[in-house]
Each structure stands twice: as structure tokens, then as C-alpha cells.
Amino acid sequence: MTRRTAIAAGIATGVASLAGPAFGSSMFPVVETAQGKLRGMTSGGVQIFRGISYAASTAGANRFMPPQPVEPWGGVRDALHWSEVAPQFPGDRRSTYADLIMVDRNPSGMGEDMLSLNLWTPGSDHNAKRPVIVVLHGGGFYSGSGNSVGMDGEQMARFTDSVVIAVNHRLGAFGFLHLAEFGGEDFATSGTVGMQDIVAALGWVRENVSAFGGDPERVLVFGQSGGGAKTSVLMAMPDARGRFQRAGVMSGSALRMMPAELASATAKRLLDLLEIAPGDVRKLQEVPWVTLLEAQAKLEAAYRAEGEAPGAFAPVVDGITLPRHPWDPDAPAISSNIPMIVSTVLDERSYRMGDFDMTEEGFVAFARERLGDRAEDAVAAYREEDPGAKPFLLAARLDSDRTFRKGAFTQAERKAAQGDASVWTYLWTSPSPAADGQFGAVHGIDVAPSLYNTRGALNGSSREAVKLAAAIASSWAAFAANGDPANDRVPVWPAYTQDSRNTLIFGEEIAVRSDPRAQFRRFW
């Protein structure tokens, strides 16, 4: 049996990794990387390496600079503990959704020595050549971490016989403060260093993953929400070319990024808050990170819309590391050979809408605010599609269609039009059982099952939830392995084309539909 056949068999049965004894290898395996030896630990047959530095600390003179190499070390370095995570606003768990999605989001402290990754592998055999799944965390460009419980890759590694890697990188002002106008050539790419970190992490993967049993020629990069946006941006970055072979964007299709002029104006506001003259930008490298984060919070509070995510800092179209908007006006040519999966979930926006008791009149008012004279037609169409749904969920669906889904459709259409590599799409419709089902198929509901984590707070661990998790995790693993998500747990899933718009539905039934919900695609 070939390695690829074994992977396919494992995905189909879900027991690939059970062939090896749980205690048959060292409890503390040591792997030699290009930088030095690392000691991990074994849990249930999966080797876990935490807090692997792929680049140096970003503190001091390295702040706002491209990631710098790690100094090689002698002896054996422990990879047993979480690293620091990027400075970011503390999670606010006062809402039900936030508490469900953010529990144990960052099980470690914040700091600037956080360019690290966590790795899970069924075994560190150089000849294994397992597919590699690199997951980029959500949280927009301002929060989250690869250390969070939602990014845990142990079950996925075990279930699909894959190497799974979660990445930490710079966020917010630390990763995307555009200082080119004030700091000159030295700071020319400071507005993209958070993305440059991910490119550096992929460089580490290319150089070292074979030592952990992975195949550097079969690397999938994917993520949800902010992780999907980062994947979208990576596909337009020349420096990322050749470092991954498949891409997945879940509820995060980012078509445009931050224009340089707007980013410069934001940088000036931050400098003013810190009372630093534009000509003295190097003083920003001396400011304590807590002071810089607090200034970022004040800036965000002054300009962001109530209830919306912070958005002042994002990758900047700097003409160097990000030469163009990622997916506008078309799909990026430099990644035309990379196949993709693009997806959304049905009720994305329900996580930012707190009025569970919305009335029918409230729904109409909600629609009028967004659509004016077209509101009545929209309300009638959404009500006709799902007569028994509560007004709150129909409003969330409307908002999801005009934001998340509109971007996803555009991205899939442009990738399909490019014609060099296939794109597949899915729509997750199975609702969350949490909070008495009030959220529906809410933003993030497909994150845990995509890594075969079947105990997630949004999903539960019912027989149906585990079946869906097995199906979607197997699809991602097959995609990583073969560049095609086909596997025995889902029906035949044709690629998306502009003629068929084939879409896999993860719902009560797992089925392929041609152009599902076409009336809303056309409406928006």
C-alpha cells in the first residue's frame, strides 16, 4: 500500500493513526531541525511540539521590522510549553457568543517574543511524507493565537495521519503599522510585517517539516475569519510563492486590503496619541509594548463602529511585499496554480447581533436600514426560503449574504475565471445547539470540526456533530494530501465553475447543490 493510499484509507475509516501503539515511542521525542534539536512530548500516539520559534523576538530594534532569523543553538531545546502570544486586546466574554468562542483563547501571556508555531505529528519519520496542514487563527488582524484551544491539532493529526501546525504572528499595530511615510526605507514594509511573519513560518515549514514526518510539497494553508483573510492575502504575496500548494478560506474572503494613504493617516494618529513626532519614529521601538497596545485601543475606540471588530490595522498594499489588493480586480496571478476551497456558514452575522427577540417589524426595519426601497422584496424572499425561522436569524442571514457571502462568491468566481487551478465551495447550514440554538449556523461553527475537535462549545459532541466533523476534517485532509477534497465521507464534490456553481452543503444532509440560494446571490 502506498503512502497516499494509506492516507486515503485512514480518512475513510478514521482509524489510520490507531495502527501504531500509543506508548510505542519515546514519551519525549527529540527531532533535529536546521536550527537545533527540539524535545517534544507524546500524547496518545501523537507527538506534540509547542512554542517552536521560527523567527527571533520582535522586541526593541526588531519591532516593525521584517522577521529576523533564529540563532541556532547547541544541545536540546524543550518544545513543551506555549510561547507568548501577540499583544492584543483582552477578550471580552460578557456576551454569550464571546464566552462560547473565546474560552481559553490564549493559555499564555502576551509579549513580543511570540513568533512561534505549535506542531502535532503522528511520528517524526523522515520518510513518512505526510500531508501538512497549516492553520491560521481567526480574530481578524487584531486578536487570537495559534495557542488557543480552537487551534489544537492533536485530534486532526491522529484522525487523518497528517502533520498539523498552528502559527503565531504579530497583530494590530505591532504587525500592520505603516510607517513608510515617516521612517523612510527602513520602515518601508512595516505595514505588512504580521503577514511577513506567516511567510517566515512557512519558510520554516519548508525547511524543517520533513524531520517531523511531513511532506514540504503538500502543504495546505487555511483558516477561518481572520485566518481566511490572511490566506487570501498570502496568495497575493510574491515572497509566499512556492511555500504552500493548497489554500482554504473559511468565512474570510478578503478582496481588498488597507490602502497606503489611509494606513499612513492611521499611523499619524497613533504617533500623535503617543506624542512622538513623525520624524522620530524609532522612538516607537522604545515604547513599552503595554503603552503601545493601550494607545492602539484608544485609537480603535475613537473610530470603530459600535459592535464591530477593530479594523484600524490590517495588511497594507505597500507596493513591495503586497504589490496589489489581493483579489481585486481579479484573482492574483502569482498563485494561479494553487487550488482552493472557499466557504461560508449560513448565519455568519448572528454573532454580532444581540436582539434574539427581534420582531417581524424589527426585521423589516433592519432590512430598510440596509436596503431602503428594496427592503420589502428582500424580507419576502428570506421569509419564503425559511417560513419557520425567527426574524433574528433571517436578519442575520440577510447581513451574512451582503457581507461574508458576497465576498466569498466574488473570490470563488474570480478563481474559477482564472482557470489555472480548481476551486471548491461549501456552505455549512447545520445550526449550533448552543444557547438553545439561537445563533443558528453562526460564524466559527465550522472551525472545531475542521480540525476534528468534536467537543467544541459551539458544536457539541452528538452523533450528528461527530459525523459532520469527520466529513469536513476528512475533506480538508484529502485536499492537503491530493489537492482535491474528494473522500468517502462526502458525496462526489465537483469543482465550482461559473456555469454550475457546485457547492457542498454541510447540514442535516451532506449533499452537493448547484448554485444553492441562487436568488440571494443574484439579489446582492
Could you walk me through whether F159 and T454 pass side chain to side chain contact (heavy atoms under 4.5 Å, CB included), step by step? CA-CA 12 Å; F159 180 62; T454 58; over 6 Å; no

Shortest non-hydrogen contact from I472 to S450? CD1-OG, 3.4 Å

All heavy atoms of A473 vs all of P449, minimum pair found to be CB-O, 3.6 Å

Applying salt bridge (charged side-chain N to carboxylate O under 4.0 Å, His left out) to D399 and R352, what does each step give before you reach the verdict? CA-CA 10 Å; D399 232 21; R352 290 202 180 276; over 6 Å; no

Candidate pair L117 and N168, rule side chain to side chain contact (heavy atoms under 4.5 Å, CB included), full reasoning: CA-CA 6 Å; L117 52 85; N168 288 307; over 6 Å; no

Given 3.5 Å as the limit, does a donor-acceptor pair link the side chain of T121 with the main chain of F212, or not? yes

Regarding T403 and E348, do their side chains bring together a donor and an acceptor under 3.5 Å, going by distance alone? no

Any side-chain heavy atom of N118 within less than 4.5 Å of one from W120? yes

Would R522 pass as a cation-pi partner of F520, given that its NZ or CZ must be under 6.0 Å from the six-membered ring centre and within 45 degrees of the axis? no

Output all residues satisfying side-chain contact (heavy atoms from CB on, under 4.5 Å) with T192, sequence neighbours left out; order by chain, then residue number. T189, Q196, D318, T321, L322

Are the side chain of Q224 and the backbone N or O of G138 linked by a donor-acceptor pair below 3.5 Å? no

Could you tell me if the side chain of L398 sits less than 4.5 Å from the side chain of F363, heavy atoms only? yes

List the residues meeting salt bridge (Lys or Arg N to Asp or Glu O under 4.0 Å) with E509, not counting sequence neighbours, and say none if there are none. R513

Would you mind telling me which of R501, R521, K406 makes a salt bridge (charged side-chain N to carboxylate O under 4.0 Å, His left out) with E413? R501

Could you tell me if the ring centre of F404 sits under 6.0 Å from that of W524? no

Can any side-chain N or O of Q418 pair as donor or acceptor with the backbone N or O of P332 at less than 3.5 Å? yes

Would the distance check show the side chain of R324 and the main-chain N or O of G319 forming a donor-acceptor pair, the cut-off being under 3.5 Å? no

Name all pairs fulfilling the salt bridge (Lys or Arg N to Asp or Glu O under 4.0 Å) condition that reach into residues 354-363, sequence neighbours left out, sorted by first residue then second. E360-R383

Could you tell me whether the side chain of W327 reaches within less than 4.5 Å of the side chain of M235, counting heavy atoms only? yes

Using atom types as modelled and distance alone, determine if a side-chain donor or acceptor of H325 lies under 3.5 Å from a backbone N or O of M257. yes

Show me the pairs that pass salt bridge (Lys or Arg N to Asp or Glu O under 4.0 Å) and involve residues 225-234, at least two apart or across chains. none

Looking only at the side chains, is there a donor atom on one of R130 and S162 sitting less than 3.5 Å from an acceptor on the other? no

Are more than 12 heavy atoms from other residues, nucleotides or ligands located less than 6.0 Å from atom CZ of R370? yes

When you check the side-chain N and O atoms of S145 and S148, is any donor under 3.5 Å from an acceptor? no

Any side-chain heavy atom of L202 sitting closer than 4.5 Å to one from L234? yes

Closest approach of G507 to T429 (non-hydrogen atoms, all atoms of both residues): CA-OG1, 3.3 Å

On a heavy-atom basis, which atom in P391 and which in T359 lie closest, and how many Å separate them? CB-O, 3.5 Å

F479/I341 under side chain to side chain contact (heavy atoms under 4.5 Å, CB included): CA gap, chis, key distance, verdict: CA-CA 9 Å; F479 188 51; I341 295 176; 3.6 Å; yes

Validation row, ring centre Y496 to ring centre W424 under 6.0 Å: no

Distance-only polar pair, side chains of S253 and Q411, donor-acceptor under 3.5 Å: yes

Hey, what do you get for CG (D328) to CZ (R256), rounding to the nearest 0.5 Å? 5.0 Å

Answer yes when R397 and D386 have at least one side-chain N-carboxylate O distance shorter than 4.0 Å, and no when they do not. yes

Return yes if some donor-acceptor pair links the side-chain N/O of N337 with the main-chain N/O of A421 below 3.5 Å, else return no. no

Quick one, I48 with L119, criterion side chain to side chain contact (heavy atoms under 4.5 Å, CB included). Give me CA distance, side-chain angles, the key distance, then yes/no. CA-CA 6 Å; I48 305 170; L119 184 150; over 6 Å; no

Between D197 and R170 (side chain of the first, backbone of the second, donor and acceptor by atom type, cut-off under 3.5 Å), is there such a pair? yes

Does N487 use its side chain to pair, donor to acceptor, with the backbone of P485 at less than 3.5 Å? yes

Which residues share a salt bridge (Lys or Arg N to Asp or Glu O under 4.0 Å) with E508, sequence neighbours left out: none

If you count every heavy atom of other residues, nucleotides or ligands that lies below 6.0 Å from R206 atom CZ, does the total exceed 12? yes

Using 4.0 Å as the upper bound for N to carboxylate O, is an ion pair formed by R414 and D330? no

Between D152 and N453: side-chain donor-acceptor atoms closer than 3.5 Å: no

Quick check on ring-ring contact (aromatic ring centres under 6.0 Å, His included): which of F356, Y351, F392 does F439 satisfy it with? F356

Please confirm whether the backbone N or O of N502 pairs with a side-chain atom of T425, one donor and one acceptor, at under 3.5 Å? yes

Below 4.0 angstrom, N of the basic side chain to O of the carboxylate: do R517 and D401 qualify? yes

Check whether the ring centres of F176 and F313 lie less than 6.0 Å apart, and answer yes or no. no

So, does S474 use its side chain to make a donor-acceptor pair with the main chain of A471 at under 3.5 Å? no

With side chain to side chain donor-acceptor pair (under 3.5 Å) as the test, would you mind laying out the steps for H443 and S225 before giving the verdict? CA-CA 8 Å; H443 188 67; S225 193; 2.9 Å; yes

Using every non-hydrogen atom in the two residues, find where A477 and I133 come nearest and quote the distance to one decimal. CA-CD1, 4.2 Å

The criterion is side-chain contact (heavy atoms from CB on, under 4.5 Å); which residues satisfy it with S343, sequence neighbours excluded? M250, Y426, D446

Quick one: closest heavy-atom pair of L100 and L458, and the distance? CD1-CD2, 3.9 Å

